[in-house]
> 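Mind having a look at this structure? Questions to follow.
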Amino acid sequence: MNLSVVLAQGLPPEGVMGPDNHGQIDPGVDYERFSGRVTDKDDSARYFKIRVENNNTKFFRSGDEVLFKLNLNQDRNYCKGFVRSVEDFHFSLFVETLSPCYSTTEYFRRGTVLHFYSKVLATRVFEASKYREQLILRKEDFLKQLNDINHFVWTFDQQKVKKASDYDEQINRLQRQKRKALDDMISEKQEKLVLQNELMKKLNELDESLKFYRVERQELLTDRWESDHDLGLPVGQRPQKIRQE
């Protein structure tokens, strides 16, 4: 038993209905050919105003050449016209003569359906499609930038609190590092004082040892009296005996 349900409506294989191509060019469509209805004309039957169902004619420019027939099955040549102005779903056309595609003896009626052929329109549609792709990319870029800006604006209070908490955390960490550094300096000072006393004590002991182990220099003026006894000179002994009176 098949319980699946088709939610999308099936499109007919013929007619104007079709899936949305999202404004892009359809490779299966011949953009060189289109049809339009004459809504107005002048008395000379040389200026026509054409209404179209497909607004791709908005890509026409003044002076563009357009070929047209009244009946595609009729064995006649195309008439040539030149675009004069363009409006939404309308464009005006100048035609020098209708003789290649229409009998000059018949009256050209308003409401007549014309079948157009224009290579320049197909080129313009292709260029417009490619340019539209660039516009879509630019739009996506702008939307991304706008989305980032909107996200920043909408979450400004939360980001402000988060930024402040980040800096508070850094301040607290620096304060802890400061206290630790000061405590380390105090401990180092105490160690240095103890080491200072030890070094001063060691230096004093070294000074005493250096003083003790110093080799004295012999002084001739001090030791000469002992050497005088060996010279055989008439000198008395020293110290002399105390003279008795």
Side-chain angles (χ1 to χ4, degrees), residues 7-146:
L7 299 179
Q9 182 180 2
L11 298 173
E14 299 178 354
V16 297
M17 296 183 64
D20 187 9
N21 62 351
H22 303 288
Q24 301 296 326
I25 193 170
D26 187 352
V29 176
D30 184 5
Y31 292 97
E32 295 180 350
R33 304 180 186 277
F34 63 97
S35 61
R37 186 180 298 275
V38 178
T39 60
D40 198 3
K41 68 182 184 67
D42 68 340
D43 295 336
S44 64
R46 299 181 67 182
Y47 293 92
F48 301 94
K49 188 171 185 178
I50 312 298
R51 173 175 174 79
V52 294
E53 295 296 331
N54 191 304
N55 200 27
N56 284 334
T57 55
K58 64 187 176 182
F59 300 122
F60 272 136
R61 297 175 187 171
S62 179
D64 287 343
E65 181 181 290
V66 183
L67 303 178
F68 63 90
K69 279 186 176 182
L70 275 74
N71 190 342
L72 291 177
N73 297 325
Q74 190 176 6
D75 188 15
R76 282 181 175 270
N77 294 326
Y78 279 97
C79 288
K80 183 186 297 184
F82 297 92
V83 176
R84 297 295 300 272
S85 62
V86 179
E87 305 174 18
D88 281 342
F89 294 97
H90 292 85
F91 69 96
S92 61
L93 195 66
F94 170 75
V95 181
E96 292 183 354
T97 178
L98 292 173
S99 58
C101 61
Y102 193 72
S103 176
T104 56
T105 61
E106 298 181 15
Y107 178 74
F108 193 90
R109 295 179 176 83
R110 292 175 177 83
T112 302
V113 176
L114 302 180
H115 300 277
F116 294 93
Y117 174 77
S118 173
K119 287 186 176 182
V120 68
L121 180 61
T123 302
R124 298 271 174 75
V125 170
F126 177 78
E127 293 174 349
S129 177
K130 294 303 179 181
Y131 183 65
R132 189 173 186 275
E133 292 178 2
Q134 298 179 9
L135 294 178
I136 290 174
L137 293 177
R138 290 176 60 186
K139 180 180 179 181
E140 291 176 353
D141 181 59
F142 290 155
L143 287 175
K144 183 179 181 302
Q145 295 181 38
L146 181 60

> Testing the basics here: between F68 and K80, what is the closest heavy-atom pair and its distance to 0.1 Å?
CE2-C, 4.3 Å
> Can a donor-acceptor pair be found, under 3.5 Å and without considering hydrogens, that links the side chain of K49 to the backbone of H90?
no
> List the steps and the verdict of side chain to side chain contact (heavy atoms under 4.5 Å, CB included) for V120 and F59.
CA-CA 9 Å; V120 68; F59 300 122; over 6 Å; no
> Can you tell me how far CZ of F89 sits from CG of N56, rounded to the nearest 0.5 angstrom?
9.5 Å
> Shortest non-hydrogen contact from V38 to F48?
CG1-CD2, 3.9 Å
> Between CD of E87 and CD1 of I50, what distance do you get to the nearest 0.5 Å?
12.0 Å
> Looking at every heavy atom in both E65 and S118, which two are closest together, and how far apart are they?
O-OG, 3.8 Å
> Start with the C-alpha distance between Y31 and L121, add both sets of side-chain angles, then the distance that settles side chain to side chain contact (heavy atoms under 4.5 Å, CB included), and finish with yes or no.
CA-CA 7 Å; Y31 292 97; L121 180 61; 5.7 Å; no
> Are T112 and Y102 side-chain neighbours, meaning at least one heavy-atom pair lies under 4.5 Å?
no
> Taking atom NZ of K69 and atom SG of C101, what is their separation to the nearest 0.5 Å?
9.0 Å
> Which pair of heavy atoms, one from V52 and one from G36, lies closest together, and at what distance?
CG1-CA, 4.1 Å
> For the CG atom of L93 and the NZ atom of K41, what is their distance to the nearest 0.5 Å?
14.0 Å
> Assert yes or no for the condition that the ring centre distance of F116 to F34 is strictly below 6.0 Å.
yes
> To the nearest 0.5 Å, how far apart are CG in L98 and CG in L70?
7.5 Å
> A quick test of your reading: do over 12 heavy atoms of other residues, nucleotides or ligands sit less than 6.0 Å from OH of Y78?
yes
> Taking the side chain as everything from C-beta on, heavy atoms only, tell me whether R138 gets closer than 4.5 Å to L135.
yes
> Hey, does the side chain of D64 reach the backbone of V83 with a donor-acceptor pair shorter than 3.5 angstrom?
no
> Supply the atom-to-atom distance Y47 OH to D40 CG, rounded to the nearest 0.5 angstrom.
14.0 Å
> Counting only heavy atoms from other residues, nucleotides and ligands, does the tally under 6.0 Å from CZ of R84 exceed 12?
no
